[in-house]
Amino acid sequence: MKKHHTCPVCGFPKLQEEPRTRAGGGSFEICPSCGFQFGVSDDDKGFTYEEWREQWQAEGMIWSSLQPLPHGWDPRKQLAALEKR
């Protein structure tokens, strides 16, 4: 079974790759929930996780991907779980 990773921006629990490599680089995966691309949104565009999270929340926490919305997806629960970590 493949291990999933949690988005440090929005708490989405099913990223396919670790957001940052052990060497520190970004995975380039785009979180389907909040749209943050690790290694681009942060390294190239200069957003912090907190800045992106605030912007995503201000825009209504809309599902970012063209992938189908997962059954039971609840961005508020994601964020709550992230805050407990």
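Because the structure is predicted, anything quoted here is derived from the model rather than measured.
Annotation for Phe12 and Pro32: closest pair CE2-CG, 3.5 Å, computed over non-hydrogen atoms. Contact record, Ile30 with Gly35: CG2-O, 3.7 Å, taken as the closest heavy-atom pair. Across Pro8 and Arg53, no two heavy atoms sit closer than the pair O-NH2, 2.8 Å. When every heavy atom of Glu17 is checked against every heavy atom of Ser27, the shortest pair comes out as OE1-CB, 3.6 Å. Of all non-hydrogen atoms in Leu82 and Val9, the two that sit nearest each other are CD2-O, 3.6 Å. Trp56 and Cys34 get closest at one heavy-atom pair: NE1-CA, 3.4 Å.
Legend: residues meeting ring-ring contact (aromatic ring centres under 6.0 Å, His included) with Phe36, ordered by chain and number and at least two apart, are Phe38, Tyr49, Trp52. The ring-ring contact (aromatic ring centres under 6.0 Å, His included) search around Trp73 returns Trp63, not counting sequence neighbours.
In this structure, CD in Glu50 is found 8.0 Å from CD in Glu54, a value given to the nearest 0.5 Å. Between the CG atom of Leu79 and the CG atom of Asp74 there is a distance of 9.0 Å, given to the nearest 0.5 Å. Here the SG-NZ distance, from Cys31 to Lys14, works out to 12.5 Å after rounding to the nearest 0.5 Å. Rounding to the nearest 0.5 angstrom, the gap separating the CZ atom in Arg20 from the CG atom in Asp43 is 4.0 Å. A distance of 6.0 Å separates CD in Glu29 from CD in Gln16, rounded to the nearest 0.5 Å. Within the model, atoms CD of Gln78 and OG of Ser33 stand 4.0 Å from one another, a figure rounded to the nearest 0.5 Å.
Looking only at distances, no side-chain donor or acceptor of Glu83 sits under 3.5 Å from a matching main-chain atom of Ala80.
Between Ile62 and Pro75, every side-chain heavy-atom pair lies at or beyond the 4.5 Å cut-off. Proximity of Lys45 to Val40: side-chain heavy atoms (C-beta onward) are separated by under 4.5 Å at one or more points.
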